[in-house]
Amino acid sequence: RVSRLSRLIDRRLAENFSKFDLENWMYDVLATLRRSGPPFELAAGVLFRQTKVTTGAITNRIDRHAARGLDERSSTDDRRKVMVRLTSAGVELVDAVVASHIATEDEILASLSAHQRKDIAAHLKSLLLGLNDTP
């Protein structure tokens with residue numbers, strides 16, 4: 001049931017993201033940078049940890065965003081540390097997607113009452129913590 005639910009939810013989210021020429025993984029990276037607050041920049045290592053993908057995957061994602069003008073890399077005094085920052089186009093895009101994404105999530109949960117939504121949120125949080133996911 002969990003796998004089936006996951007596939008159905010992923011499909012609905014993907015349909016919404018496709019309206020913005022995005023894929024789920026692209027939104028994840030953009031939203032993570034956006035949530036960091038101005039200047040919408042994180043060290044690549046922090047971005048890697050927060051998105052929970054491999055370092056190779058995060059490098060590929062950063063490159064693909066950069067090719068679209070959505071993010072850019074910058075170096076620090078420490079050559080081992082690379083910073084990733086949303087460009088103004090990246091900020092504009094993620095801001096445009098957020099409202100639509102929230103509406104899609106609300107549609108997914110529409111069959112649940114307010115009480116059920118609260119309960120499921122608590123249960124999902126417990127599951128995430130049980131799987132050693134950090135808030």
Side-chain angles (χ1 to χ4, degrees):
R1 290 182 183 173
V2 172
S3 294
R4 185 173 178 203
L5 179 60
S6 175
R7 283 191 303 275
L8 290 169
I9 290 172
D10 284 346
R11 187 178 308 141
R12 290 289 298 277
L13 295 176
E15 289 169 1
N16 180 59
F17 293 137
S18 71
K19 296 175 191 173
F20 298 92
D21 195 26
L22 290 176
E23 295 180 41
N24 294 19
W25 64 263
M26 297 175 84
Y27 178 75
D28 186 34
V29 173
L30 294 172
T32 300
L33 287 166
R34 182 68 170 92
R35 281 190 303 271
S36 71
F40 312 116
E41 177 180 69
L42 290 171
V46 172
L47 189 56
F48 148 74
R49 285 188 296 280
Q50 289 189 9
T51 57
K52 300 188 185 317
V53 297
T54 65
T55 55
I58 201 66
T59 299
N60 183 345
R61 292 171 183 195
I62 294 165
D63 289 346
R64 289 182 65 185
H65 283 149
R68 288 185 55 181
L70 302 175
D71 69 28
E72 59 192 8
R73 285 186 177 93
S74 62
S75 298
T76 63
D77 294 336
D78 180 352
R79 293 187 330 197
R80 295 169 294 171
K81 187 174 183 180
V82 173
M83 300 300 290
V84 181
R85 178 183 301 184
L86 283 179
T87 62
S88 58
V91 173
E92 286 178 30
L93 178 61
V94 75
D95 286 353
V97 176
V98 167
S100 181
H101 179 64
I102 291 170
T104 300
E105 288 183 339
D106 285 342
E107 289 171 14
I108 290 168
L109 298 172
S111 64
L112 302 176
S113 69
H115 180 72
Q116 288 172 317
R117 286 182 188 203
K118 185 177 177 183
D119 283 352
I120 201 167
H123 293 308
L124 289 173
K125 181 178 180 180
S126 294
L127 280 170
L128 287 168
L129 292 173
L131 294 170
N132 296 319
D133 189 46
T134 55

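Everything numeric in this text was worked out from a predicted model, so none of it was measured. Computed from heavy atoms alone, side chains included, the values below leave out hydrogens, waters and symmetry copies.
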Chemist: If you compare all heavy atoms of Phe40 against all heavy atoms of Val91, which two are closest, and at what distance to 0.1 Å?
Modeler: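 The pair with the smallest heavy-atom distance is CD1-CG2, 3.6 Å.
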
Chemist: Quick one: side chain to side chain donor-acceptor pair (under 3.5 Å) pairs with a partner in residues 3-15, sequence neighbours left out?
Modeler: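 Sorted result for residues 3-15: Arg12-Glu107.
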
Chemist: Under 4.5 Å between any side-chain heavy atoms of Leu112 and Lys118, yes or no?
Modeler: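 In short, these two side chains do not touch, never coming nearer than 4.5 Å.
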
Chemist: I'd like to know whether Asp28 forms a side-chain hydrogen bond (donor to acceptor under 3.5 Å, both in side chains) with Thr51, so could you lay out the CA-CA distance, the side-chain angles of the two residues, the decisive distance to 0.1 Å, and finally the verdict.
Modeler: CA-CA 7 Å; Asp28 186 34; Thr51 57; 4.9 Å; no

Chemist: Parallel, tilted or perpendicular: which describes the rings of His101 and Tyr27, with under 30° parallel and over 60° perpendicular?
Modeler: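 Tilted.
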
Chemist: Contact between Ser74 and Glu41 at the side-chain level, heavy atoms closer than 4.5 Å - yes or no?
Modeler: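 Heavy-atom side-chain distance check passes, below 4.5 Å.
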
Chemist: What I'd like to find out is whether the side chain of His123 reaches to under 4.5 Å of the side chain of Leu127, using heavy atoms alone.
Modeler: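 Contact flag for His123/Leu127 side chains = no.
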
Chemist: Is the closest side-chain heavy-atom distance between Arg61 and Leu47 below 4.5 Å?
Modeler: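 Not in contact.
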
Chemist: Looking only at heavy atoms, what is the nearest atom pair of Arg34 and Asp95, with distance?
Modeler: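 Here Arg34 and Asp95 meet closest at NE-OD1, 2.7 Å.
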
Chemist: Going through the checks in order, is the side chain to side chain contact (heavy atoms under 4.5 Å, CB included) test met by Thr32 and Arg35?
Modeler: CA-CA 5 Å; Thr32 300; Arg35 281 190 303 271; 3.1 Å; yes

Chemist: Could you check Ile58 against Val29 for side chain to side chain contact (heavy atoms under 4.5 Å, CB included), going step by step and ending with a plain yes or no?
Modeler: CA-CA 8 Å; Ile58 201 66; Val29 173; 4.0 Å; yes

Chemist: Given the rule in the side chain to side chain contact (heavy atoms under 4.5 Å, CB included) test, do Leu22 and Leu30 qualify, once you have shown the distances and angles that lead to the verdict?
Modeler: CA-CA 10 Å; Leu22 290 176; Leu30 294 172; 4.0 Å; yes

Chemist: What are the two closest non-hydrogen atoms of Asp71 and Ala66, and how far apart are they?
Modeler: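 Heavy atoms of Asp71 and Ala66 come nearest at OD1-N, 3.2 Å.
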
Chemist: Answer whether the closest heavy-atom distance between the side chains of Leu70 and Val94 falls below 4.5 Å.
Modeler: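 Leu70 does not reach Val94 side chain to side chain.
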
Chemist: Taking C-beta and beyond as the side chain, do Arg73 and Asp63 meet within less than 4.5 Å on heavy atoms?
Modeler: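 Side chain of Arg73 against side chain of Asp63, heavy atoms only: contact under 4.5 Å found.
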
